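Structure first, then comments.
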2 protein chains.
Amino acid sequence: MGKKVLVIEDDQELGAQIVKRLCDAGYEPTWWKEGRRLSRETLPDVDLVVLDLMLPGTYGMDILKDLRVFSEVPVLVLSARNDTADKVRALRLGADDYMTKPFWPEELVERVRARLRRPTLGRGDVVEVGALRIDRGRREVSVRGERVELTRLEFEFLAALAERPGEAMTRSSLAERVLDPERDGTERTLDVHVSRLRKKLGRGAFVETVWGIGYRLGDGRDE
Amino acid sequence: MGKKVLVIEDDQELGAQIVKRLCDAGYEPTWWKEGRRLSRETLPDVDLVVLDLMLPGTYGMDILKDLRVFSEVPVLVLSARNDTADKVRALRLGADDYMTKPFWPEELVERVRARLRRPTLGRGDVVEVGALRIDRGRREVSVRGERVELTRLEFEFLAALAERPGEAMTRSSLAERVLDPERDGTERTLDVHVSRLRKKLGRGAFVETVWGIGYRLGDGRDE
DNA sequence: CCGAAATCTTACGAATTCCTTACGCGCCGG
DNA sequence: CCGGCGCGTAAGGAATTCGTAAGATTTCGG
């Protein structure tokens with residue numbers, strides 16, 4: 001069963017070339033001839049993405065950024081720009097490799113193979129909001145790269161908010177979702193957890209209060 | 001805390017440059033100024049290897065070949081030869097990346113980072129997490145190169161965790177998978193096995209507890 | 001500027017969860 | 001039959017987390 005590879009490349013010739021080589025190597029490529037903004041819904045179920053940064057319309061770097069919000073799929077970036085700043089940017093944004101055009105397709109295939117023989121960390125979806133990073137799989141949270149230890153409820157609460165970053169959630173729905181119905185917890189209880197959570201996350205209150213409604217996950221920057 | 005990186009590079013200037021940058025980035029580099037044949041014993045406990053292919057004496061490609069016999073550690077290859085055939089060869093031999101000189105150290109650091117943010121579960125049946133090595137095929141476990149004898153259940157438990165290094169698994173799913181339904185074992189039983197396992201693996205608790213959830217396989221270094 | 005309502009913070013006791021040790025049972029090889 | 005070994009159970013104790021109360025603080029409407 002070949003692994004699935006999504007190729008996002010507008011150049012007809014290069015794209016066809018890549019797709020063919022990948023097929024020959026036993027993979028199952030899908031070819032998108034134009035860039036689209038990605039979301040959890042529009043991203044097909046693939047094992048790796050080959051992404052050309054120079055696409056008409058959408059800027060590839062934005063696609064990458066979008067992608068990393070909800071997916072940890074390995075990304076191999078292609079670009080005509082042989083510029084260290086660009087490479088660094090792409091890698092920082094979560095790319096796994098960066099190839100400069102022109103290149104020989106053999107090398108691309110080998111690099112794809114090199115990525116795929118490593119485990120991908122079964123998409124333990126990671127949410128990043130500003131300097132805050134929430135890893136649902138590992139149940140880990142870090143702020144500015146530093147680990148923050150959270151209790152179970154604190155994590156659940158944060159994870160609930162992180163599902164829709166920026167959107168407000170009512171106290172009642174949060175309580176319903178986070179608090180165990182058995183262990184009777186009032187809504188007052190939430191306040192306490194929020195308080196403790198904020199203290200742990202440090203200043204730059206990521207958990208913002210929406211007065212009279214509930215809470216919201218902010219990027220801890222503006223305000 | 002910082003991941004360990006072995007730099008094998010004979011060029012004084014370039015080597016110093018790389019080492020410095022890696023330090024700045026929070027890694028702990030070790031610098032070998034000459035190539036040596038590697039064996040299970042001589043390879044220090046590192047998380048990644050930066051290997052220059054053009055070394056006096058030993059041919060870098062051989063070092064890589066040796067290495068892959070007994071270790072799945074990620075390898076980033078450096079070379080002055082910008083030749084597709086060479087790249088393909090190195091990648092086929094198990095290299096994870098190939099950079100052509102000259103390059104800017106920033107890019108190297110980013111590529112190192114890109115490799116290390118992925119889990120290192122090797123292909124095949126060998127998993128390496130930090131100083132811990134789990135060989136599913138041979139049912140062998142070693143810490144820092146030293147064999148550790150585990151009972152069947154202890155091994156099963158560890159292997160289950162090792163399937164997703166770093167991810168938290170619930171106690172119930174672990175119990176379900178590891179414990180024999182016949183020999184009814186309560187979830188308390190898990191505690192005991194974990195306890196015994198930890199004692200055998202020594203300090204640097206590889207098996208981390210995720211309070212209220214279950215356990216997780218850590219690299220036994222941070223904290 | 002005032003009061004009421006909503007929210008924040010802190011401290012503390014209780015409950016949960018987890019760790020460890022000790023012990024007994026059953027299986028196997030000698 | 002004996003001893004070693006793997007495994008499950010029980011129990012005490014340690015560590016962590018959770019809920020509540022109560023007082024402080026903030027927000028909003030007027």
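Convention: sequence-line order gives letters A, B, ...; per-chain numbering from 1. Predicted model only: the values in this text are computed from it and were never measured.
In plain terms, the two heavy atoms of B:Ala25 and B:Val109 that are nearest each other are CB-CG1, 3.7 Å.
B:Asp96 places no side-chain N or O within 3.5 Å of a backbone atom of B:Leu76 that could act as its donor or acceptor partner.
The interatomic distance linking B:Phe155 (CZ) with D:dC7 (P) rounds to 13 Å, in whole Å. As a whole-Å value, the separation of A:Glu156 CD from D:dG19 P is 12 Å. For the pair B:Glu208 CD and D:dA15 P, the interatomic distance rounds to 18 Å; values are reported in whole Å. Protein atom NZ of A:Lys200 is 14 Å distant from nucleotide atom P of C:dT9, rounded to whole Å. Going from atom CZ of A:Phe157 over to atom C1' of C:dT7 covers 12 Å, rounded to whole Å. Between B:Leu153 atom CG and D:dG8 atom C1' there is a gap of 10 Å when expressed in whole angstrom units. The nearest whole Å value for the distance from the CG atom in B:Leu190 to the P atom in D:dG6 is 18 Å.
Computed from C1' positions of five pairs at each end, the angle between the two local axes of the helix from C:dC1-D:dG30 to C:dG30-D:dC1 equals 40°, rounded to 10 degrees.
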**Report entry** B:Leu201 vs B:Leu197, side-chain contact (heavy atoms from CB on, under 4.5 Å): CA-CA, chis, key distance, verdict
**Finding:** CA-CA 6 Å; B:Leu201 294 183; B:Leu197 184 54; 4.1 Å; yes
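Where A:Leu150 and B:Glu154 meet DNA chain D, the nucleotide closest to each residue was compared, and B:Glu154 sits on the side nearer the 5' end.
Inspection of the A:Tyr215 and A:Thr209 side chains reveals no N or O donor paired with an N or O acceptor under 3.5 Å.
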Query - Letter per nucleotide, 5' to 3', of nucleotides 15-27 of chain C [B base touched, S only sugar-phosphate touched, - untouched; heavy atoms, 4.0 Å] - result: -BBBBBB------
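Salt bridge present: A:Arg147 and A:Glu149 bring a charged side-chain N and a carboxylate O closer than 4.0 Å. Remark: A:Asp97 engages A:Arg111 in a salt bridge, criterion side-chain N to carboxylate O under 4.0 Å. Between B:Lys20 and B:Asp24, at least one side-chain N (NZ, or NE/NH1/NH2) sits under 4.0 Å from a carboxylate O, which counts as a salt bridge. Classification of B:Lys3 and B:Glu28 as a salt-bridged pair fails, no side-chain N sitting under 4.0 Å from a carboxylate O. Of the charged side-chain nitrogens involved, none lies within less than 4.0 Å of a carboxylate oxygen, so that A:Glu176 and A:Arg171 do not count as a salt-bridged pair.
Within the structure, every side-chain polar atom (N or O) of A:Thr151 is placed at least 4.0 Å from both OP1 and OP2 of D:dT16.
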